2 protein chains.
Amino acid sequence: MERQLPTALLMFIASRYAMDRIFGVLRQAGLEGVSDAQMKLVMNIDVEGTRLSVLAERAQIAKQTATALVDKLEAAGWVERVPDPTDGRARLVRPTSKAAPFEPVAHAEERAIEAEWEAHLGAQRMAELRSALESLREITDPYL
Amino acid sequence: MERQLPTALLMFIASRYAMDRIFGVLRQAGLEGVSDAQMKLVMNIDVEGTRLSVLAERAQIAKQTATALVDKLEAAGWVERVPDPTDGRARLVRPTSKAAPFEPVAHAEERAIEAEWEAHLGAQRMAELRSALESLREITDPYL
DNA sequence: TCACATAGTCCTACGGTCGTACTAATATTA
DNA sequence: TAATATTAGTACGACCGTAGGACTATGTGA
């Protein structure tokens, strides 16, 4: 008999599974040398580019940490820093054309996982799960 | 309008929130000098003690990493290593009496979070959420 | 103008992580 | 029983992630 796990831990288990799978297919697709921390940061970049401080906030890490991660990603050619036209102090971190092919790969795996979960739970329970999680986000997401 | 976040990311957000809160109250209660990584490891220790390799597997880290974390926890007096009576090679990692008072603190906060979530969602949706997560665990938990 | 806030970086220190290699104890099998 | 393989845990070393403090450059507002 299994002990009753906290709801938050159950969420953690499932989310870790999904991230491991997505990072796995990205590496198989050729994204080698990119660490998990770097991937998590990249996931927060918008297509038009995102400021470093915003990335740091979204990933819940210090600006210095984000700087270090972006340094490595930039050296490897996955992202580039361009001036922010709206603020001379800021720069936008943007994925390069070298990184572009991996975005659909990540999204496809993401959809595949959701499809498997829906197949396991049924459409109705999956929809309720999503709805409940979105509702919980209102009281748990620090950027909302 | 917010972009549609993946289900797994929604889970990650909520679970991170819960962990941050639990670790926060533990530190306020006097658990200082214990890092997040150390806390995550301690959370996996059973009351009667747990083998290091089991801890490593549960936390999804290498044995050497677990050794290093337990070393620090032991040096600080939070856990102790005792021989495993059933296997001369193994040792059981066990919380010390110094650590005991913090267990109820963690559980109380855990219950408080779940109560808040239930208040936000309603009893029925919360129950459905738990049920769906437990079901997903069957296909996402590497130790099940 | 001048004080202040903000974006990002540099330097430095430390903790977490794991590959490789090892010892000690147990399990297996000839 | 003796030889072999497996397993639990550790030691060492290299690297990454992380953040505190201090700094430069730019923007903001009285």
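Order of the sequence lines sets the chain letters (A, B, ...), proteins ahead of strands, with each chain counted from 1. Predicted model only: the values in this text are computed from it and were never measured.
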Quiz item: Heavy atoms under 4.0 Å, any strand shown: does A:Ser53 hit a base, just sugar-phosphate, or nothing?
Solution: sugar-phosphate
Exercise. Return the residues of residues 16-38 of chain A meeting this criterion: a heavy atom under 4.0 Å from some atom of DNA chain D. Order them by number, or give none.
Key: A:Ser35, A:Ala37, A:Gln38
Please enumerate all residues that pass salt bridge (Lys or Arg N to Asp or Glu O under 4.0 Å) together with [X], with sequence neighbours excluded.
{"X": "B:Glu110", "answer": "none"}
{"X": "A:Arg21", "answer": "A:Glu109, A:Glu116"}
{"X": "A:Asp71", "answer": "A:Arg81"}

Quiz item: B:Ser131 and A:Arg125: side-chain donor and acceptor closer than 3.5 Å?
Solution: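 Distance-only check passes for B:Ser131 and A:Arg125.
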Quiz item: Other than A:Leu92, what residues sit in its cluster of Ile, Leu, Val, Met, Phe, Trp and Tyr side chains whose heavy atoms are under 4.5 Å apart, directly or through others?
Solution: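 In the cluster with A:Leu92 are A:Val82.
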Quiz item: Quick one: hydrophobic cluster around B:Val54, which other residues, with the 4.5 Å side-chain cut-off, linked directly or via members?
Solution: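 So far as hydrophobic clustering goes, B:Val54 is joined with none.
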Exercise. Determine which pairs satisfy side chain to side chain donor-acceptor pair (under 3.5 Å) with at least one residue from residues 98-107 of chain B, sequence neighbours left out, and list them in order.
Key: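 Those involving residues 98-107 of chain B are B:Glu103-B:His107.
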Practice problem: Rounded to the nearest angstrom, tell me the gap between atom CG in A:Leu69 and atom C1' in D:dT18. | Solution: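 So the two atoms are 9 Å apart, to the nearest Å.
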Self-check item: Protein-nucleotide distance (A:Met39, atom CE; D:dC16, atom P), rounded to Å
Solution: 15 Å
Between protein and nucleic acid, restricted to nucleotides 11-15 of chain D and to nitrogen or oxygen atoms under 3.5 Å apart, what atom pairs and distances do you find?
none

Quiz item: Taking the nucleotide of DNA chain C with the closest heavy atom to each, which residue, B:Ala68 or A:Thr50, is nearer the 5' end?
Solution: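 Nearest nucleotide further toward 5': that of A:Thr50.
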Quiz item: Within less than 4.0 Å of OP1 or OP2 of D:dG17, is there a side-chain N or O belonging to A:Lys72?
Solution: yes
Quiz prompt | Between the first and last five pairs of the helix from C:dT1-D:dA30 to C:dA30-D:dT1, the angle of the axes, rounded to 10 degrees | solution = 30°
Quiz item: Looking at DNA chain C, which of residues 73-94 of chain A put a heavy atom within less than 4.0 Å of it?
Solution: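 Close to the strand are A:Arg81, A:Arg89, A:Ala90, A:Arg91.
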Quiz item: side chain to side chain donor-acceptor pair (under 3.5 Å) with B:Glu114: which residues, sequence neighbours excluded?
Solution: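 B:Glu114 satisfies side chain to side chain donor-acceptor pair (under 3.5 Å) with A:Thr7 once adjacent residues are dropped.
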Exercise. Flag the pair B:Trp78 / B:Glu74 as yes when at least one side-chain heavy-atom distance between them is below 4.5 Å, and no otherwise.
Key: no
Quiz item: Could you give the start and end, 5' to 3', of the contact zone on DNA chain C for chain B, using atoms under 4.0 Å from its heavy atoms?
Solution: C:dG15 to C:dT26
